[in-house]
Q: 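Below: one structure in structure tokens.
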Amino acid sequence: MKVVAAYLLAVLGGNASPSAKDLKSILASVGAEAESDRIELLLKELKGKDITEIIASGREKLASVPSGGGGVAVAASAAVGGGAAAPAAAEQKKEEKVEEKEESDDDMGFSLFD
């Protein structure tokens with residue numbers, strides 16, 4: 001990750017095609033170890049490519065990755081489906097709360113650590 005950060009810093013600094021020496025000097029300036037094999041691999045993978053295009057394609061790929069949060073899907077379906085979906089979502093939440101209360105009764109009124 002630090003090698004990628006050094007590469008991006010070099011590009012932002014105006015060096016469109018940073019060399020291994022450039023990356024090593026950036027890493028050395030902050031006291032980080034420069035791993036030659038990782039630097040060479042990064043430079044090989046990025047050779048002849050535009051970094052802005054690579055970042056844009058990465059953003060597109062990340063946009064399709066689910067990022068958790070089931071509440072967002074419920075809210076989105078409520079907005080799309082109209083008012084009828086909202087009560088159904090509220091009923092589902094109530095059912096979940098009831099189930100949680102039932103699970104808490106499993107301790108039978110005493111704690112393992114009492």
Side-chain angles (χ1 to χ4, degrees):
M1 197 65 160
K2 60 187 172 186
V3 176
V4 174
Y7 186 88
L8 291 173
L9 282 171
V11 171
L12 285 173
N15 187 350
S17 182
S19 66
K21 182 181 175 186
D22 296 331
L23 299 181
K24 287 178 182 178
S25 67
I26 291 171
L27 291 170
S29 72
V30 295
E33 245 181 76
E35 300 169 5
S36 296
D37 56 334
R38 291 185 185 247
I39 291 173
E40 294 301 324
L41 176 65
L42 178 72
L43 293 176
K44 184 179 103 179
E45 293 292 324
L46 296 177
K47 186 174 183 176
K49 296 179 182 174
D50 182 26
I51 194 69
T52 55
E53 290 176 8
I54 293 171
I55 292 172
S57 69
R59 283 187 179 169
E60 289 174 13
K61 290 178 184 176
L62 282 176
S64 66
V65 175
S67 60
V72 175
V74 172
S77 67
V80 173
E91 288 177 22
Q92 184 180 15
K93 287 182 181 180
K94 287 180 184 177
E95 289 176 14
E96 289 176 9
K97 288 181 182 178
V98 170
E99 289 176 15
E100 289 175 12
K101 289 179 183 176
E102 290 172 6
E103 289 175 10
S104 66
D105 292 338
D106 290 342
D107 66 353
M108 299 182 167
F110 62 92
S111 174
L112 180 64
F113 300 106
D114 281 346

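Side chains are part of it too, since the values below use all heavy atoms of this structure and drop only hydrogens, waters and symmetry mates. Not measured: the values here are computed from a predicted model.
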Q: Does the side chain of V3 come within less than 4.5 Å of L41's, by heavy atoms?
A: no
Q: Check side chain to side chain contact (heavy atoms under 4.5 Å, CB included) between L8 and all other residues, then give those that pass, not counting sequence neighbours.
A: V4, I51, I55
Q: Name every donor-acceptor pair, under 3.5 Å, that has one atom in a side chain of residues 28-36 and the other anywhere in the protein, sequence neighbours excluded.
A:
residue	atom	partner	partner atom	Å
S29	OG	I26	O	2.6
E35	OE1	R38	NE	2.7
S36	OG	K24	NZ	3.1

Q: Using atom types as modelled, flag every donor-acceptor pair under 3.5 Å from a side chain in residues 9-17 to any protein atom, sequence neighbours excluded.
A:
residue	atom	partner	partner atom	Å
N15	OD1	S17	N	3.3
N15	ND2	D22	OD2	2.8

Q: Taking only residues two or more places apart in sequence, or in another chain, which ones meet A5 in a side chain to side chain contact (heavy atoms under 4.5 Å, CB included)?
A: none
Q: Return each pair, listed once, that meets salt bridge (charged side-chain N to carboxylate O under 4.0 Å, His left out) where at least one residue sits in residues 40-68; pairs must be two or more places apart or across chains.
A: none
Q: Mind checking who shares a hydrophobic cluster with M1, ILVMFWY linked at side-chain heavy-atom distances under 4.5 Å?
A: none
Q: For the atom pair OH (Y7) and CG (L23), what is the distance rounded to the nearest 0.5 Å?
A: 8.0 Å
